[in-house]
Amino acid sequence: MPPFPSPARPPSAQGPFGHALAGLLDVLLPADCAGCGSERTQLCPACRHALATARPAPTPLPWTHAAAPYTGPVRQLLLAHKERGALRLAAPLGEALGRAVRSALGARAGAAPLLLVPMPSARSAVRARGHDPTLRLAGAAARSLRRAGLDVRAAPLLRHARPVADQAGLNAAERRRNLHGALTVLPRARTGRAGLTGPGSVVGPGSLAGRHPVLVDDLVTTGASLAEAARALADAGLPVRAGATVAATVRPSD
């Protein structure tokens, strides 16, 4: 029995204030491990090791690699970061995403400056959660890759052009139809002047020139969302060099 009870997490509906309070509680009274439930630490050594040593592998899209299967502790860690505001998990999850970027690019990883482009979150989801989890992971991955000596920045270049139906329950073909034409590139990105804001490592004006776009996301299931994002970027003259995610859904055939 721990000397103090683990703090209750404010629900995501509380928005930015709730997540700021959750972050403060993480420092003062660390919660149980988000991956396995071990007491008094948000990420225990065993779950950190599982996340750091998983071998990146191809996904349903040949040009996209995932750092780990979407099972066990990895699934729980992503859900805690995305839905429950466990923001300190962004750093280790970002490191895993950075490994997937390097795996997807192979020998090309250090050949040219890179631009990590996160999949866009719906504005309603960002308001409800109080943060943009994919943008945060992209920034963390960029910082991790820069520490390894690569020239990497991150910028949110994509936005939703129209509403889409809930993807839950849709098969791969239905997801592709649902998402076709749903994404577009921000006008400023089309001119090469990114002038965008975001946490940590987002690029500034004029920083797009010469950078090779890499799509990043927390999870890939069928690949339909990443394929639509790649189409939107290619139509804007920004062909995607690779894609990377923290995790990939494991299909029965796998």
(message) The criterion is side-chain contact (heavy atoms from CB on, under 4.5 Å); which residues satisfy it with A46, sequence neighbours excluded?
(response) C44

(message) Quick check for you: to the nearest 0.5 Å, what is the distance between L115 atom CG and R153 atom CZ?
(response) 10.0 Å

(message) Quick check: closest heavy atoms across C33 and L43, and the distance to 0.1 Å?
(response) SG-CA, 3.9 Å

(request) Would you mind reporting whether T222 and P60 have side-chain heavy atoms less than 4.5 Å apart? (result) no

(request) With sequence neighbours excluded, tell me which residues meet side-chain contact (heavy atoms from CB on, under 4.5 Å) with A50. (result) none

(request) Sequence neighbours left out, what passes side-chain contact (heavy atoms from CB on, under 4.5 Å) with A173? Give chain and number order. (result) N171, R176, R177

(message) Under the salt bridge (Lys or Arg N to Asp or Glu O under 4.0 Å) definition, can you give me all pairs with a residue in residues 97-122, not counting sequence neighbours?
(response) none

(request) Name all residues meeting the side-chain contact (heavy atoms from CB on, under 4.5 Å) criterion together with E228; count only those two or more places apart in sequence or in a different chain, and write none if there are none. (result) L179, H180, L183, R231

(message) So which atom in G35 and which in L77 form the shortest heavy-atom distance, rounded to 0.1 Å?
(response) N-CD2, 3.5 Å

(message) Using every non-hydrogen atom in the two residues, find where P213 and V117 come nearest and quote the distance to one decimal.
(response) CB-CG2, 4.2 Å

(message) Suppose we screen for side-chain hydrogen bond (donor to acceptor under 3.5 Å, both in side chains). Which residues come up paired with S103, at least two apart in sequence or across chains?
(response) H65

(request) Answer yes or no: is there a side-chain heavy-atom contact under 4.5 Å between L79 and Y70? (result) yes

(message) Using the rule side chain to side chain contact (heavy atoms under 4.5 Å, CB included), only one of V246, L97, L51 pairs with P92; which is it?
(response) L51

(message) Listing request: all side-chain hydrogen bond (donor to acceptor under 3.5 Å, both in side chains) pairs with a residue in residues 111-123, at least two apart in sequence or in separate chains.
(response) S121-D132

(request) Measure the CG-OG1 distance between D217 and T245 for me, rounded to the nearest 0.5 Å. (result) 7.0 Å

(request) Please round to the nearest 0.5 Å and tell me the distance separating atom CG of D151 and atom CG of L114. (result) 7.5 Å

(request) Locate the shortest heavy-atom distance separating C47 from P73; write the atom from each residue and the value. (result) SG-CB, 3.7 Å

(request) Determine yes or no for a side-chain-to-main-chain donor-acceptor pair under 3.5 angstrom, with R146 supplying the side chain and V152 the backbone. (result) yes

(request) Check whether any side-chain heavy atom of L226 lies under 4.5 Å from a side-chain heavy atom of W63, and answer yes or no. (result) yes

(message) Just so I know, are the side chains of T64 and L215 near enough to count as touching, which here means a heavy-atom distance under 4.5 Å?
(response) no

(request) Locate the shortest heavy-atom distance separating A138 from V216; write the atom from each residue and the value. (result) CB-CG2, 3.8 Å

(request) Could you tell me whether R147 and E95 have a side-chain N and a carboxylate O separated by less than 4.0 Å? (result) yes

(request) Starting at OG of S225, measure out to CG of L61 and round the result to the nearest 0.5 Å. (result) 10.0 Å

(request) Please report the shortest heavy-atom distance between M119 and A229, naming the atom on each side. (result) SD-CB, 3.4 Å

(message) For H49, I'd like to know if atom NE2 has over 12 heavy atoms of other residues, nucleotides or ligands within 6.0 Å.
(response) no

(message) What's the separation between atom CZ in R136 and atom CG in L87, rounded to the nearest 0.5 Å?
(response) 4.5 Å

(message) Are the side chains of R75 and L219 in contact, using a 4.5 Å heavy-atom criterion?
(response) no

(message) Let me confirm one number: the NZ-CG distance from K82 to L137, rounded to the nearest 0.5 Å.
(response) 9.5 Å

(request) May I ask you to test the T184-L158 pair for a side-chain heavy-atom distance under 4.5 Å? (result) no

